[in-house]
Amino acid sequence: MTLVGVVTDSTAYLPAELVAAHSIDVVPLQVVLGSTSYDEGPGSPAGPVAQALRAGTAMTTSRPAPAVFAAAYARAAARGCTSIVSVHLSGRMSGTVESATLAA
């Protein structure tokens, strides 16, 4: 039997219940405010991001390192997955898919 793992990034904004029910690995992108970087997703500090948006402070995102995707793929393999589907935002918008490809 083939068990397929699913890996995505935090821009998918999947509900926590769906992620837990299907053992989906969600790799966070980084939100960068000035010199401080935060993981995007549940548990990330909304306060500083909201303050930056209100103040018009420059905010950027950064793609995850390939090693973060490699760890997600390894977790799926450890759960017994023999195949992995990795779904991400367009490579035209972000380098995220490049990091995922390098990790694969």
Side-chain angles (χ1 to χ4, degrees):
M1 182 172 101
T2 300
L3 182 60
V4 178
V6 177
V7 176
T8 190
D9 60 69
S10 56
T11 63
Y13 297 104
L14 297 175
E17 301 81 27
L18 180 72
V19 169
H22 298 284
S23 299
I24 298 171
D25 274 285
V26 180
V27 174
L29 269 66
Q30 303 294 301
V31 175
V32 182
L33 301 171
S35 63
T36 306
S37 178
Y38 302 97
D39 282 346
E40 179 186 52
S44 64
V49 173
Q51 285 178 317
L53 288 171
R54 282 193 294 273
T57 303
M59 180 173 31
T60 60
T61 60
S62 178
R63 68 182 177 178
V68 180
F69 282 107
Y73 299 152
R75 286 190 298 274
R79 288 193 305 272
C81 296
T82 55
S83 298
I84 297 172
V85 174
S86 199
V87 183
H88 307 289
L89 69 159
S90 169
R92 291 183 181 198
M93 297 175 62
S94 170
T96 300
V97 73
E98 181 180 3
S99 287
T101 301
L102 288 170

Task: side-chain contact (heavy atoms from CB on, under 4.5 Å) against S23, all qualifying residues, sequence neighbours excluded - done: R79

Task: Any residue meeting side-chain contact (heavy atoms from CB on, under 4.5 Å) with V19, in chain and number order, not counting sequence neighbours - done: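 Listed in chain order: L14, I24, V26.
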
Open item on the list: My understanding is that a hydrophobic cluster links ILVMFWY residues whose side chain heavy atoms are under 4.5 Å apart, including indirect links. Using that, what else belongs to the cluster containing V4?
Closed with: V85, V87

- [ ] Check which hydrophobic residues are tied to V68 through side-chain heavy-atom contacts below 4.5 Å, counting indirect links as well, and list them.
- [x] V7, V27, F69, Y73, I84

Taking all non-hydrogen atoms of both residues, which atom of [X] and which atom of [Y] are closest, and how far apart?
X   : Y    : value
G91 : V97  : CA-CG1, 3.5 Å
P66 : A103 : O-CB, 3.2 Å
P64 : P28  : CG-O, 3.3 Å

TODO: Can you tell me which residue pairs pass the salt bridge (Lys or Arg N to Asp or Glu O under 4.0 Å) test with a partner in residues 65-78, sequence neighbours excluded?
DONE: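 The answer is D25-R75.
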
Task: Pairs satisfying salt bridge (Lys or Arg N to Asp or Glu O under 4.0 Å), at least one member in residues 81-100, at least two apart - done: R63-E98

For the atom pair [atom1] ([X]) and [atom2] ([Y]), what is the distance rounded to the nearest 0.5 Å?
X   : Y   : atom1 : atom2 : answer
L33 : T60 : CG    : OG1   : 8.0 Å
T11 : H88 : OG1   : NE2   : 9.0 Å
T96 : D9  : OG1   : CG    : 5.5 Å
Q30 : T61 : CD    : OG1   : 9.5 Å

